[in-house]
2 protein chains.
Amino acid sequence: MVAGPLPVPSGPGKDRLRLWIRLLRASRTIEAELRERLKKEFDTTLPRFDVMAALYRVPEGMLMSDLSRFLLVSNGNVTGIVDRLVSEGLVARARRNGDRRTSMVRLTDEGTKSFAIIAAAHEGWIGELLGKVSEEDARRLTGMLTSFRSNWEGRE
Amino acid sequence: MVAGPLPVPSGPGKDRLRLWIRLLRASRTIEAELRERLKKEFDTTLPRFDVMAALYRVPEGMLMSDLSRFLLVSNGNVTGIVDRLVSEGLVARARRNGDRRTSMVRLTDEGTKSFAIIAAAHEGWIGELLGKVSEEDARRLTGMLTSFRSNWEGRE
DNA sequence: GCATAAAACTTTAAGCTTGAAATATTTTAT
DNA sequence: ATAAAATATTTCAAGCTTAAAGTTTTATGC
């Protein structure tokens, strides 16, 4: 997918391909840097961070299936990550009365405290890593990506 | 990392965080779609496609370490993917005379033929998935991402 | 009520991913 | 010439990831 520094040949349809390649390389570059820092500074991983970030927004918790949909990963995947977070005491599962198939997943107090610290560092890193992107470009880019998302969500 | 549809609180430094979240969600969304289609239509995977795309550009082949650097993944990772491609007859390793630590990796004829077909479909998919992005936005976005890359490569 | 479908979640197998340790080879410094 | 450092790659253990199959519970149709 990462088709690299070499230019994509020109022609019809090549503009969007070039955009996709750039987009993917940018996100992989930043992702790799974040992964490394999360490991070094906090001995954690990107997937764990993702799950905790999702739960942090919702103190009452989320269903596994909501978590999976929200994070754009498979449900089996979430099971494993949550298992590990539970065993580390950062996340708790609560069986519900209403529907015994589901369980509410939420951050523990320890998880909440722990995430707040990591999230602050994370925000700083992003500011640093994207520091060279001007405020105006950042807003413009965000706008374009937002409209991409709207279009995506509204497709057949 | 994917911090989701909910708005990031405003404040200093939040603009870039919001940009990062949008960027990551966009690329994960497209990546998931491509992965699914590669699997369904060609019974292959994104990492395999990435490796073959890298090699397709360079008929004489690449060193493992170049491949790893180019694809932004670890060298141990590339070993496994190339192993599988070799066992499928799509890729070949050639020990070199000059330096016996290294080996040149290249597409076989079968690999080249196979990749050309998949790449054509891939380009069509991207055109479809990014179809709602206007030509002008695509060029503008690409420009911003290109300048991001230049800045990144030239940092400290 | 009862069979059947649907939903929520877990398990499994195969493959991807990383960082660290191990191996083999070449280069550099003494 | 030899020891030490550097380079290229592989191996390994742990964790991430997916699709598919399995389990349990709830909803639906008759």
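Lettering follows sequence order; numbering is per chain, from 1.
Two residues, A:Pro47 and B:Asp66, neighbour DNA chain D, and the one matched to the more 5' nucleotide by heavy-atom proximity is B:Asp66. Between A:Met104 and B:Gly76, the residue whose closest nucleotide on DNA chain C is further toward the 5' end is A:Met104. Map A:Glu36 and A:Gly80 each onto its nearest nucleotide of DNA chain C; the residue landing nearer the 5' end is A:Gly80.
Within 4.0 Å of B:Arg96, counting heavy atoms only, lies no atom of the nucleic acid at all. Residue-level contact check: A:Arg93 touches the backbone only, with heavy atoms under 4.0 Å from sugar-phosphate atoms and none from bases. Within the 4.0 angstrom heavy-atom criterion, only backbone atoms of the sugar-phosphate kind lie near B:Arg48; the bases stay farther away.
One can place CZ of B:Arg35 at 8 Å from P of C:dT17, the figure rounded to the nearest angstrom. Whole-Å rounding puts the A:Lys40 NZ to C:dA20 C1' distance at 12 Å. Atom pair A:Leu72:CG and D:dT18:C1' shows a separation of 14 Å (rounding to whole Å applied). Rounded to a whole Å, the CD1 atom of A:Ile81 is 9 Å from the P atom of D:dT18. If you take NZ of A:Lys39 and P of C:dT17, they are 17 Å apart, rounded to a whole angstrom. The CG atom of B:Asn77 sits 13 Å away from the C1' atom of D:dG15 (whole-angstrom rounding). One atom, CG of B:Asp83, and another, P of D:dT9, lie 13 Å apart when rounded to the nearest Å. The distance between atom CD of A:Glu88 and atom P of D:dA14, rounded to the nearest whole Å, is 15 Å.
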**OP:** List the steps and the verdict of side chain to side chain contact (heavy atoms under 4.5 Å, CB included) for A:Leu23 and B:Ile30.
**Re:** CA-CA 10 Å; A:Leu23 193 67; B:Ile30 297 169; 4.3 Å; yes
**OP:** Please step through salt bridge (Lys or Arg N to Asp or Glu O under 4.0 Å) for the pair B:Asp83 and B:Arg93, ending with a clear verdict.
**Re:** CA-CA 9 Å; B:Asp83 282 352; B:Arg93 274 183 171 101; 2.9 Å; yes
**OP:** Test side chain to side chain contact (heavy atoms under 4.5 Å, CB included) on A:Leu90 and A:Phe115 and set out the steps.
**Re:** CA-CA 9 Å; A:Leu90 300 170; A:Phe115 178 77; over 6 Å; no
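Residue A:Arg28 places no side-chain N or O under 4.0 Å from the OP1 or OP2 atom of C:dT18.
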N/O donor to acceptor pairs below 3.5 angstrom from side-chain atoms of residues 69-78 of chain A, sequence neighbours left out:
unit_1  : atom_1 : unit_2  : atom_2 : d
A:Arg69 : NH2    : A:Asp66 : OD1    : 3.1
A:Ser74 : OG     : A:Asn77 : N      : 3.4

Enumerate donor-acceptor pairs with a distance under 3.5 Å from any side-chain N or O in residues 136-145 of chain A to protein atoms, sequence neighbours excluded.
unit_1   : atom_1 : unit_2   : atom_2 : d
A:Glu136 : OE2    : A:Arg140 : NH2    : 2.7
A:Arg139 : NH1    : B:Asp15  : OD2    : 3.2
A:Thr142 : OG1    : A:Ala138 : O      : 2.7

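When each of D:dT25, D:dA19, C:dT10 is scored by its nearest atom to the side-chain atoms of A:Arg100, the top-ranked nucleotide is D:dT25.
For the atom pair CD (B:Glu88) and OG1 (B:Thr108), the distance works out to 10.5 Å, reported to the nearest 0.5 Å.
Salt bridge absent: A:Arg16 and B:Glu123 never bring a charged side-chain N and a carboxylate O closer than 4.0 Å.
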Just the table, please: protein N/O against nucleotides 6-8 of chain D N/O, every pair under 3.5 Å.
unit_1 : atom_1 : unit_2   : atom_2 : d
D:dT7  : O2     : B:Arg101 : NH1    : 2.7

